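To start, the structure itself, in structure tokens.
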Number of protein chains: 2
Amino acid sequence: MSRWEPDARGRMIGAAMDLFAERGFDQTTASDIAERAGVTERTFFRHFSDKREVLFGGSEVMEKTTYDATLAAPADLTPLDAAMAGITAASSLIGDRRDFTIRRARLITANPSLHERELFKLATLTTAATNALRERGVPELMASLAAHCAATVFAVAFERWVASAEPLSLDEEIKQTATVLRSLL
Amino acid sequence: MSRWEPDARGRMIGAAMDLFAERGFDQTTASDIAERAGVTERTFFRHFSDKREVLFGGSEVMEKTTYDATLAAPADLTPLDAAMAGITAASSLIGDRRDFTIRRARLITANPSLHERELFKLATLTTAATNALRERGVPELMASLAAHCAATVFAVAFERWVASAEPLSLDEEIKQTATVLRSLL
DNA sequence: CGAGCTATGTCAGCGACTGACATCAACAGT
DNA sequence: ACTGTTGATGTCAGTCGCTGACATAGCTCG
């Protein structure tokens, strides 16, 4: 797959996370990452469209999962429940690898520029759920609001999941958060 | 105020919006903006921490307004209503200058990197409302969820306000959107 | 009119990112 | 085993975003 060792991409991701944790994001150059991974700066930018993207590998998969699972949810679910089903399906993609995900989350919250990118990725999930809901026949405004609410539940639950020392599963955290959300109105 | 003409900052904002509209954000260099505004590139970066910030001038004011108005809302309001009061107060800061705001919004949605920044600014409003709610004695989780919901209403309502040809006021749009949100649950 | 403050100009330099071109490993077909 | 093709990588030069250090011009105040 690569000119020398295999899995250049994986090595770059690992090198980046190590370096970000050691020195911080801003103090790490793309060239640093590439060097530790045994490749060139140029090949780093062939794999990742920019320096931040090295931490956001699986996001297209999550987007597609969100869309598919929202669309495939039982027909009798409310818009909000369908969107929740979509987002929950996507969340199960990361709920497993707990320590990797948490390590990554800490790096992200430590850097505004990475935080920005994460908000953007979350917005793509919202859009995916919105599109799927519209496909289900939900009117525009309601689709958008339901998708946003589901994304909110995910974001807040994820934050708590990361912060808690002895944790529930991410799924459980989401369920509890969703319950509180419903009690708001 | 400036070495030559007054209101260098205002001229840079105007120049940036014109150039972004003419050639697009990526095809406009910071030096281009500075030149059209009659200043140096260095001066541009003294006024704006980065190239995107030229479109996000009033955001600290909106953040403070959100916090203050959420905190100052009548004590008998629910968390969601208090947060809505805060965000609505902030929205009135832009609801006036409609064509400027819409022109700006179109530039932002046309460019992912600007969109990223806008999501970040919206997140700061959410945080401001969350903090104010906590100050009101609302428990953490509920505060966070209420603030997120209020921000969602604002974001969705704003999007519709920008898209509509013959529009309601932004306030009206927010009220209608909030009603639909409540009907979701 | 001189002292000091502040906004601006000038210059040098790093790091993010890109386009163009050369190169190397693996693989397919002969 | 030989060769042509393909795809990932290396090399190089260059643009642009952004910053630190220092010089300078305008304003204010005594």
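Heavy-atom basis, side chains included; hydrogens, waters and symmetry copies ignored. Because the structure is predicted, anything quoted here is derived from the model rather than measured.
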B:E118/B:R52 ion pair, N-O < 4.0 Å: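 B:R52 and B:E118: not salt-bridged.
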Note: A:D32-A:K51 ion pair, threshold 4.0 Å (strictly below):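 Judged by the 4.0 Å cut-off on N to carboxylate O distance, A:D32 and A:K51 do not form a salt bridge.
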Residue list, side chain to side chain contact (heavy atoms under 4.5 Å, CB included) with A:A37, at least two apart or on another chain: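 With neighbours one apart ignored, the set is A:R11, A:M12, A:A15, A:V39.
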What is the separation between atom [atom1] on [X] and atom [atom2] on [N], rounded to the nearest whole Å?
X	N	atom1	atom2	answer
B:E35	C:dG9	CD	P	12 Å
A:K51	C:dC17	NZ	P	8 Å
B:F45	D:dG20	CZ	P	13 Å
B:F44	D:dT19	CZ	P	11 Å
A:L19	C:dG15	CG	P	14 Å
B:F25	C:dC17	CZ	P	13 Å
A:D26	C:dG15	CG	C1'	11 Å
A:E41	D:dG14	CD	P	16 Å

Quiz item: cation-pi between B:R104 and B:F56, 6.0 Å / 45°: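 Pair B:R104/B:F56 counts as cation-pi.
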Donor-acceptor under 3.5 Å (B:T126 side chain, B:L122 main chain):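 Yes.
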Residue-phosphate contact under 4.0 Å: A:H47 side-chain N/O, D:dA8 OP1/OP2: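 No.
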Closest non-hydrogen atom pair between A:R106 and A:V162, with its separation: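 Nearest pair, atom of A:R106 first, then A:V162: NH2-O, 3.9 Å.
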Least distance between heavy atoms, B:I87 atom then B:A150 atom: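 Taking B:I87 first and B:A150 second, the nearest heavy atoms are CG1-CB, 3.9 Å.
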Flag for B:T65-B:D68: side-chain donor and acceptor within less than 3.5 Å: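 No.
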Would you tabulate the nitrogen or oxygen pairs shorter than 3.5 Å linking the protein to nucleotides 10-13 of chain C?
none

Identified side-chain contact (heavy atoms from CB on, under 4.5 Å) counterpart of A:I13 within the set A:D18, A:I33, A:V54, A:D7: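 The single option meeting the side-chain contact (heavy atoms from CB on, under 4.5 Å) with A:I13 is A:V54.
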Residues from residues 109-119 of chain B lying under 4.0 Å of DNA chain C - heavy atoms: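 Within this stretch, nothing sits under 4.0 Å of the strand.
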